[in-house]
Amino acid sequence: SISFQKFVFYAHNQMEKETEKTLLKNKNQRNQRAKILKNTSVFIEEKARDAYMESWFHILFGRYEEANKHLEKLYNVVKEIKSPTAMYGYYGLKGMAELGGGNVKAALQNFELSDKTDTYFLFQKALAFRAVGQKDKAKKILKDISNENFSYWQLAIVKNQAKTVLEKL
(Lines give C-alpha, C1' and ligand atoms only; values in the text may rest on other atoms or scores of the structure.)
Protein backbone atom coordinates (compact mmCIF):
# COMPACT_ATOMS: atom_id res chain seq x y z
CA SER A 1 0.00 0.00 0.00
CA ILE A 2 1.05 3.58 -0.47
CA SER A 3 1.05 4.24 3.27
CA PHE A 4 3.45 1.32 3.82
CA GLN A 5 5.74 2.71 1.14
CA LYS A 6 5.61 6.12 2.81
CA PHE A 7 6.44 4.52 6.15
CA VAL A 8 9.49 2.77 4.68
CA PHE A 9 10.67 5.92 2.92
CA TYR A 10 10.20 8.26 5.86
CA ALA A 11 11.63 5.85 8.43
CA HIS A 12 14.75 5.03 6.45
CA ASN A 13 15.35 8.73 5.90
CA GLN A 14 14.97 9.35 9.66
CA MET A 15 11.92 11.58 9.21
CA GLU A 16 10.36 10.69 12.55
CA LYS A 17 7.27 12.92 12.60
CA GLU A 18 6.26 11.91 9.07
CA THR A 19 6.88 8.25 9.85
CA GLU A 20 4.75 8.37 12.97
CA LYS A 21 1.94 10.20 11.18
CA THR A 22 1.94 7.61 8.39
CA LEU A 23 2.12 4.76 10.91
CA LEU A 24 -0.96 6.01 12.76
CA LYS A 25 -2.90 6.65 9.56
CA ASN A 26 -2.09 3.17 8.28
CA LYS A 27 -3.05 1.61 11.62
CA ASN A 28 -6.41 3.40 11.65
CA GLN A 29 -7.18 2.32 8.08
CA ARG A 30 -6.30 -1.31 8.79
CA ASN A 31 -8.33 -1.39 11.97
CA GLN A 32 -11.34 0.18 10.25
CA ARG A 33 -11.09 -2.55 7.62
CA ALA A 34 -10.99 -5.24 10.31
CA LYS A 35 -14.09 -3.79 11.99
CA ILE A 36 -15.98 -3.73 8.71
CA LEU A 37 -15.05 -7.31 7.84
CA LYS A 38 -15.87 -8.61 11.32
CA ASN A 39 -13.54 -11.55 10.77
CA THR A 40 -11.52 -12.97 13.64
CA SER A 41 -8.58 -13.93 11.41
CA VAL A 42 -8.39 -10.43 9.97
CA PHE A 43 -8.56 -8.93 13.45
CA ILE A 44 -5.67 -11.13 14.63
CA GLU A 45 -3.68 -10.32 11.50
CA GLU A 46 -4.15 -6.58 12.06
CA LYS A 47 -3.25 -6.85 15.73
CA ALA A 48 -0.01 -8.57 14.72
CA ARG A 49 0.64 -5.99 12.00
CA ASP A 50 0.12 -3.13 14.47
CA ALA A 51 2.65 -4.59 16.91
CA TYR A 52 5.10 -5.35 14.07
CA MET A 53 4.95 -1.84 12.65
CA GLU A 54 5.18 -0.19 16.09
CA SER A 55 8.21 -2.36 16.93
CA TRP A 56 9.91 -1.57 13.65
CA PHE A 57 9.22 2.14 14.07
CA HIS A 58 10.88 2.22 17.48
CA ILE A 59 13.84 0.12 16.31
CA LEU A 60 14.51 2.43 13.38
CA PHE A 61 14.56 5.42 15.71
CA GLY A 62 16.78 3.73 18.30
CA ARG A 63 14.20 3.20 21.03
CA TYR A 64 14.91 -0.45 21.76
CA GLU A 65 13.15 -0.69 25.12
CA GLU A 66 9.95 0.66 23.60
CA ALA A 67 10.42 -1.67 20.61
CA ASN A 68 10.70 -4.63 22.97
CA LYS A 69 7.35 -3.77 24.56
CA HIS A 70 5.70 -3.98 21.15
CA LEU A 71 7.70 -7.08 20.26
CA GLU A 72 6.24 -8.78 23.32
CA LYS A 73 2.76 -7.93 22.04
CA LEU A 74 3.70 -9.26 18.60
CA TYR A 75 5.06 -12.47 20.09
CA ASN A 76 1.87 -13.05 22.07
CA VAL A 77 -0.23 -12.76 18.91
CA VAL A 78 1.90 -14.68 16.40
CA LYS A 79 2.79 -17.58 18.70
CA GLU A 80 -0.85 -18.67 18.42
CA ILE A 81 -0.90 -18.65 14.61
CA LYS A 82 -0.63 -22.15 13.18
CA SER A 83 1.93 -21.47 10.45
CA PRO A 84 5.62 -22.38 10.17
CA THR A 85 6.39 -18.82 9.05
CA ALA A 86 4.27 -16.92 11.57
CA MET A 87 7.23 -16.05 13.80
CA TYR A 88 9.63 -14.92 11.03
CA GLY A 89 8.84 -11.22 11.35
CA TYR A 90 9.06 -11.35 15.12
CA TYR A 91 12.50 -12.97 15.08
CA GLY A 92 13.80 -10.58 12.41
CA LEU A 93 12.72 -7.52 14.34
CA LYS A 94 13.88 -9.01 17.64
CA GLY A 95 17.28 -9.55 16.02
CA MET A 96 17.36 -5.90 14.96
CA ALA A 97 16.38 -4.74 18.46
CA GLU A 98 19.07 -6.90 20.05
CA LEU A 99 21.68 -5.73 17.55
CA GLY A 100 20.79 -2.09 18.09
CA GLY A 101 20.84 -2.61 21.84
CA GLY A 102 24.34 -4.12 21.69
CA ASN A 103 23.41 -7.74 22.39
CA VAL A 104 24.93 -9.17 19.23
CA LYS A 105 24.87 -12.85 20.22
CA ALA A 106 21.13 -12.65 20.97
CA ALA A 107 20.68 -10.82 17.67
CA LEU A 108 22.33 -13.67 15.77
CA GLN A 109 20.21 -16.24 17.60
CA ASN A 110 17.07 -14.40 16.54
CA PHE A 111 18.22 -13.91 12.94
CA GLU A 112 18.81 -17.68 12.74
CA LEU A 113 15.09 -18.17 13.47
CA SER A 114 13.88 -15.50 11.01
CA ASP A 115 13.18 -15.84 7.30
CA LYS A 116 16.44 -16.92 5.68
CA THR A 117 15.36 -15.35 2.37
CA ASP A 118 14.46 -11.89 3.69
CA THR A 119 17.11 -9.54 2.31
CA TYR A 120 16.31 -6.82 4.83
CA PHE A 121 16.93 -9.07 7.82
CA LEU A 122 19.87 -10.79 6.12
CA PHE A 123 21.60 -7.40 5.84
CA GLN A 124 21.09 -6.89 9.57
CA LYS A 125 22.43 -10.40 10.20
CA ALA A 126 25.56 -9.51 8.20
CA LEU A 127 26.06 -6.47 10.42
CA ALA A 128 25.78 -8.73 13.46
CA PHE A 129 28.37 -11.14 12.03
CA ARG A 130 30.67 -8.19 11.38
CA ALA A 131 30.18 -6.99 14.96
CA VAL A 132 31.36 -10.34 16.40
CA GLY A 133 34.31 -10.54 14.02
CA GLN A 134 32.89 -13.20 11.71
CA LYS A 135 33.84 -11.24 8.61
CA ASP A 136 33.67 -14.19 6.21
CA LYS A 137 30.03 -14.86 7.06
CA ALA A 138 29.25 -11.15 6.80
CA LYS A 139 31.01 -10.92 3.42
CA LYS A 140 29.07 -13.86 1.99
CA ILE A 141 25.71 -12.32 2.88
CA LEU A 142 26.76 -8.85 1.70
CA LYS A 143 28.08 -10.21 -1.62
CA ASP A 144 24.83 -12.06 -2.21
CA ILE A 145 22.85 -8.90 -1.53
CA SER A 146 25.19 -6.77 -3.67
CA ASN A 147 24.89 -9.14 -6.62
CA GLU A 148 21.09 -9.48 -6.48
CA ASN A 149 19.51 -8.27 -9.72
CA PHE A 150 15.82 -8.21 -8.89
CA SER A 151 13.87 -5.19 -7.71
CA TYR A 152 11.90 -5.17 -4.47
CA TRP A 153 11.68 -2.77 -1.53
CA GLN A 154 14.01 -4.67 0.81
CA LEU A 155 16.78 -4.72 -1.78
CA ALA A 156 16.22 -1.06 -2.62
CA ILE A 157 16.94 -0.18 1.00
CA VAL A 158 19.97 -2.38 1.67
CA LYS A 159 21.81 -3.05 -1.62
CA ASN A 160 23.93 0.11 -1.65
CA GLN A 161 24.50 -0.15 2.09
CA ALA A 162 25.65 -3.74 1.61
CA LYS A 163 28.14 -2.64 -1.04
CA THR A 164 29.50 0.09 1.25
CA VAL A 165 29.90 -2.24 4.23
CA LEU A 166 31.44 -4.92 2.02
CA GLU A 167 34.07 -2.48 0.74
CA LYS A 168 35.10 -1.73 4.33
CA LEU A 169 35.45 -5.38 5.41
*Could you walk me through whether Lys69 and Glu72 pass the salt bridge (Lys or Arg N to Asp or Glu O under 4.0 Å) test, one step at a time?*
CA-CA 5 Å; Lys69 291 176 188 175; Glu72 187 175 331; over 6 Å; no
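- Remark: aromatic rings of Trp56 and Tyr120 are close, center separation under 6.0 Å.
- Within the model, atoms NZ of Lys139 and NZ of Lys137 stand 15.0 Å from one another, a figure rounded to the nearest 0.5 Å.
- How far CG of Asn110 is from NZ of Lys105: 15.0 Å, rounded to the nearest 0.5 Å.
- Looking at heavy atoms from C-beta onward, Leu60 lies in side-chain contact with Met96 at the 4.5 angstrom threshold.
- Side chain of Lys159 to main chain of Glu148: a donor-acceptor pair is present (N/O by atom type, distance under 3.5 Å, no hydrogens or angles).
- Residues Lys163 and Ser146 meet the side-chain proximity criterion, which asks for heavy atoms closer than 4.5 Å.
- With a 4.5 Å cut-off on side-chain heavy atoms, Tyr64 and Glu98 do not count as touching.
- You'll find the side chain of Gln5 stays beyond 4.5 Å of the side chain of Trp153, heavy atoms only.
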*I would like to know whether Asp136 and Lys140 meet salt bridge (Lys or Arg N to Asp or Glu O under 4.0 Å); could you show each step before the answer?*
CA-CA 6 Å; Asp136 289 341; Lys140 182 184 180 334; over 6 Å; no
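- Residues Leu93 and Ser55 come closest through the heavy atom pair CD1-CB, 4.1 Å.
- Atom NZ in Lys47 sits 8.5 Å away from atom CG in Asn76 (nearest 0.5 Å).
- Note on Tyr75 and Phe43: separate hydrophobic clusters, where clusters join Ile, Leu, Val, Met, Phe, Trp and Tyr whose side-chain heavy atoms are under 4.5 Å apart, directly or indirectly.
- The 12-atom threshold is not exceeded at CZ of Arg49, counting heavy atoms of other residues, nucleotides or ligands nearer than 6.0 Å.
- Inter-residue side-chain proximity for Phe121 and Tyr88 is flagged as unmet; no heavy-atom pair is nearer than 4.5 Å.
- Contact check for Leu169 versus Arg130: side-chain heavy atoms found under the 4.5 Å cut-off.
- Between the CG atom of Asn26 and the OG1 atom of Thr19 there is a distance of 12.0 Å, given to the nearest 0.5 Å.
- Once rounded to the nearest 0.5 Å, the distance linking CG of Leu142 with CG of Leu122 reads 10.0 Å.
- Cluster annotation: Val42 and Leu74 are assigned to distinct hydrophobic clusters (Ile/Leu/Val/Met/Phe/Trp/Tyr, side-chain heavy-atom contacts under 4.5 Å, transitive).
- Between Ala107 and Gly95 the shortest heavy-atom distance is CB-O, 3.3 Å.
- Transitive grouping of hydrophobic side chains (ILVMFWY, heavy atoms separated by less than 4.5 Å) keeps Phe7 and Phe9 in distinct clusters.
- Defined by atom type and a distance below 3.5 Å, a donor-acceptor pair is present between the side-chain atoms of Tyr152 and Thr119.
- Hydrophobic clustering (ILVMFWY, side-chain heavy atoms < 4.5 Å, transitive): Leu23 and Phe4 are in one cluster.
- In the hydrophobic cluster analysis, where Ile, Leu, Val, Met, Phe, Trp and Tyr join through side-chain heavy atoms closer than 4.5 angstrom, Ile59 is grouped apart from Leu24.
- When all heavy atoms of Val78 and Ala86 are compared, the pair lying nearest together is CB-O, 3.6 Å.
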_Full working for side chain to side chain contact (heavy atoms under 4.5 Å, CB included) between Arg30 and Asp50_ = CA-CA 9 Å; Arg30 287 193 323 272; Asp50 288 347; 2.3 Å; yes
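- Looking at Arg63 and Glu16, a side-chain N of the basic residue comes within less than 4.0 Å of a carboxylate O on the acidic one, giving a salt bridge.
- Ile141 has its side chain out of reach of Phe123: every pair of non-hydrogen atoms, C-beta onward, lies at least 4.5 Å apart.
- The environment of Lys38 atom NZ is sparse: at most 12 non-hydrogen atoms of other residues, nucleotides or ligands sit within 6.0 angstrom.
- Between the side chain of Asn13 and the main chain of Met15, no donor-acceptor pair closer than 3.5 Å is present.
- Closest approach of Gly92 to Ser114, counting heavy atoms only: N-CB, 3.5 Å.
- Between Lys27 and Met53, the closest side-chain pair of non-hydrogen atoms is not below 4.5 Å.
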*Could you please spell out the steps behind the side chain to side chain contact (heavy atoms under 4.5 Å, CB included) verdict for Arg33 and Gln29?*
CA-CA 6 Å; Arg33 175 182 168 266; Gln29 290 171 343; over 6 Å; no
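- Considering every non-hydrogen atom in both Glu112 and Phe129, the closest pair reads OE2-CZ, 4.4 Å.
- One distance of note links NZ of Lys94 with CZ of Phe111; it measures 11.5 Å at 0.5 Å rounding.
- Of the possible donor and acceptor atoms, none in the side chain of Asn68 sits under 3.5 Å from a partner among the backbone N and O of Leu71.
- Here Glu18 does not pair with Lys21 in a salt bridge; the nearest charged N to carboxylate O distance is not below 4.0 Å.
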